[in-house]
There are 2 protein chains.
Amino acid sequence: MAGEETRKRILIAAEQLFAERGISSTSMRALTNAAGVNLAAAHYHFGSKEALLDAVIEFRATPMNLARIAALDAHVAERGDEPLQVDCIFRAFLMPAIRSVIESPEGAAHLPRLFARLEAQPPEILEAIYRRHIGDVTRRFIEALQEALPDLPKELIAERFRLAMGSIFTLFSGNSELDFIPGHSPHVVSIEEKLESVIAFVSGGISAPASARRAPGQRVEENSP
Amino acid sequence: MAGEETRKRILIAAEQLFAERGISSTSMRALTNAAGVNLAAAHYHFGSKEALLDAVIEFRATPMNLARIAALDAHVAERGDEPLQVDCIFRAFLMPAIRSVIESPEGAAHLPRLFARLEAQPPEILEAIYRRHIGDVTRRFIEALQEALPDLPKELIAERFRLAMGSIFTLFSGNSELDFIPGHSPHVVSIEEKLESVIAFVSGGISAPASARRAPGQRVEENSP
DNA sequence: GTCTATAAAAGGATAGAC
DNA sequence: GTCTATCCTTTTATAGAC
């Protein structure tokens with residue numbers, strides 16, 4: 001019965017270290033030391049490092065998925081017969097992730113960065129985790145975006161949603177403030193400002209005309225339907 | 001003198017394996033075996049795995065940088081006094097990378113994916129590589145985008161360029177065709193179509209209004225649970 | 001410059017006592 | 001359920017013969 005406590009401490013330490021230092025460069029030893037538990041206990045509870053990763057994702061993704069769907073439902077209900085709004089859909093998708101950082105209940109602060117780290121995993125592992133833990137929610141959000149942007153091909157929306165995830169992951173990868181461009185030291189902003197910044201970007205991107213090629217003379221300005 | 005040949009074979013094998021399987025999960029052994037050279041030779045020529053990575057980037061980035069600047073200069077010259085066009089700036093940035101895939105001179109086909117893999121490196125290494133090999137070129141492209149979008153704050157353009165890089169990396173990470181969303185099997189498209197698709201997305205994103213929050217009247221509720 | 005051989009360390013995983 | 005001790009594999013890196 002004390003095993004439940006051990007299990008949870010392993011999950012939380014794993015989440016933090018996977019997020020901060022990357023998954024493959026975090027050893028089971030480092031992780032169990034940080035958790036203050038024995039190395040063998042981790043294998044007893046989870047079986048393998050890969051299974052532990054999956055358990056960490058499940059541990060956090062389940063409540064986040066519920067919050068995301070609730071936020072999307074709230075927007076749908078609020079709009080009634082009016083068309084859905086792209087930026088609100090993205091906000092519904094991102095706020096639950098951000099809120100975990102802001103409120104940080106028992107250390108969920110590393111969740112967005114953990115998802116960013118997942119992208120570096122081998123495709124089989126990445127696909128399995130996505131399919132198990134975020135596939136259904138992602139599909140619902142893509143459908144909402146397709147409804148909000150009826151003039152664009154549905155397939156295009158789905159593709160662009162993946163590109164939007166790329167921007168979002170970059171923002172939370174911990175590398176987005178890198179100071180490598182001569183003359184452009186990045187200014188640090190709050191997480192809420194980051195959120196609105198990336199929402200503006202991905203909303204503009206997903207709403208863009210179907211091709212970037214434009215007739216000569218046309219301005220590169222408007223992009224909302 | 002034969003050392004030069006060995007050196008080059010190591011560079012090319014490293015580029016391919018780093019790109020395909022990731023950097024930290026590619027061992028020096030796997031890499032030297034693929035190159036058909038001795039493990040010790042790699043350490044003789046490069047000193048360490050980290051230094052080898054830097055050499056691989058330099059090997060490819062140098063000609064790509066020249067091509068990128070040339071393409072940007074060509075667009076600037078072509079426009080004369082007319083304002084620069086966002087999509088053309090991104091095309092100048094991306095075409096040289098894509099062309100390496102299409103033409104594949106001596107196996108440069110893995111370059112875009114290699115850059116995507118770099119994102120998973122620890123921040124210090126990533127920052128050092130970016131600063132050394134792509135900082136100056138990136139700065140020039142950001143300045144061109146700032147010129148093309150005079151109504152947006154310069155700082156915002158620089159931030160959004162980083163988000164655009166996130167989308168681009170995702171497209172080339174090898175994970176962008178993952179089939180994890182129920183009912184949305186991604187259709188495979190040519191590299192040129194991918195290019196135009198991502199150009200449309202990032203052009204729309206970087207040109208978006210400064211905030212996603214809309215003017216009063218189109219009021220937007222925050223989704224509190 | 002290139003090889004063999006090996007050091008030295010770190011990794012995931014397990015057996016078996018308690 | 002938890003611990004110690006250990007196995008086995010893989011890793012980066014180097015010493016030294018050729």
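So you know, we letter chains A, B, ... as the sequences are listed, proteins then strands, and number each from 1.
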Given [N], is OP1 or OP2 found less than 4.0 Å from the side-chain N or O atoms of [X]?
X      : N       : result
H43(B) : dA13(D) : yes
S27(B) : dT11(D) : yes
N38(B) : dG1(C)  : no
T6(B)  : dT2(C)  : yes

Subject >> Plane angle bin for F161(A) and F93(A) - parallel if under 30°, tilted between 30 and 60°, otherwise perpendicular >> reply: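 Rings of F93(A) and F161(A): perpendicular, over 60°.
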Original post:
Taking the six-membered ring for Trp, are F201(B) and F201(A) parallel (under 30°), tilted (30 to 60°) or perpendicular (over 60°)?
Top reply: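 F201(B) and F201(A): perpendicular rings.
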Let me know the distance between [atom1] of [X] and [atom2] of [N], rounded to the nearest Å.
X      : N       : atom1 : atom2 : value
M28(B) : dT9(D)  : CE    : P     : 23 Å
R7(A)  : dT2(D)  : CZ    : P     : 12 Å
H45(A) : dA13(C) : NE2   : C1'   : 16 Å
L52(A) : dG11(C) : CG    : P     : 15 Å
L17(A) : dG12(C) : CG    : C1'   : 17 Å
L53(A) : dG12(C) : CG    : C1'   : 15 Å
I23(A) : dG11(C) : CD1   : C1'   : 16 Å
L39(A) : dG1(D)  : CG    : P     : 18 Å

**OP:** Please work out if A41(B) contacts a base, only the sugar-phosphate, or nothing of the nucleic acid, heavy-atom cut-off 4.0 Å.
**Re:**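 Result for A41(B) = nothing.
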Original post:
Y44(A) or A30(A): which one's nearest nucleotide on DNA chain C is closer to the 5' end?
Top reply: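 The residue mapped nearer the 5' terminus is A30(A).
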Original post:
Side chains of D54(B) and H133(B): is there a donor and an acceptor less than 3.5 Å apart?
Top reply: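 Yes, a side-chain donor-acceptor pair sits under 3.5 Å.
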Subject >> Salt-bridge contact K154(A)-E143(A) (side-chain N to carboxylate O under 4.0 Å) >> reply: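 A salt bridge is absent here (no side-chain N lies under 4.0 Å from a carboxylate O).
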Original post:
Is it true that K8(A) and E15(A) make a salt bridge, defined as a side-chain N closer than 4.0 Å to a carboxylate O?
Top reply: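 The answer is no: the pair does not qualify as a salt bridge.
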**OP:** Please tell me which of A40(B) and S25(B) maps to the more 5' nucleotide of DNA chain D, matching each residue to the nucleotide holding its nearest heavy atom.
**Re:**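 Of the two residues, S25(B) wins.
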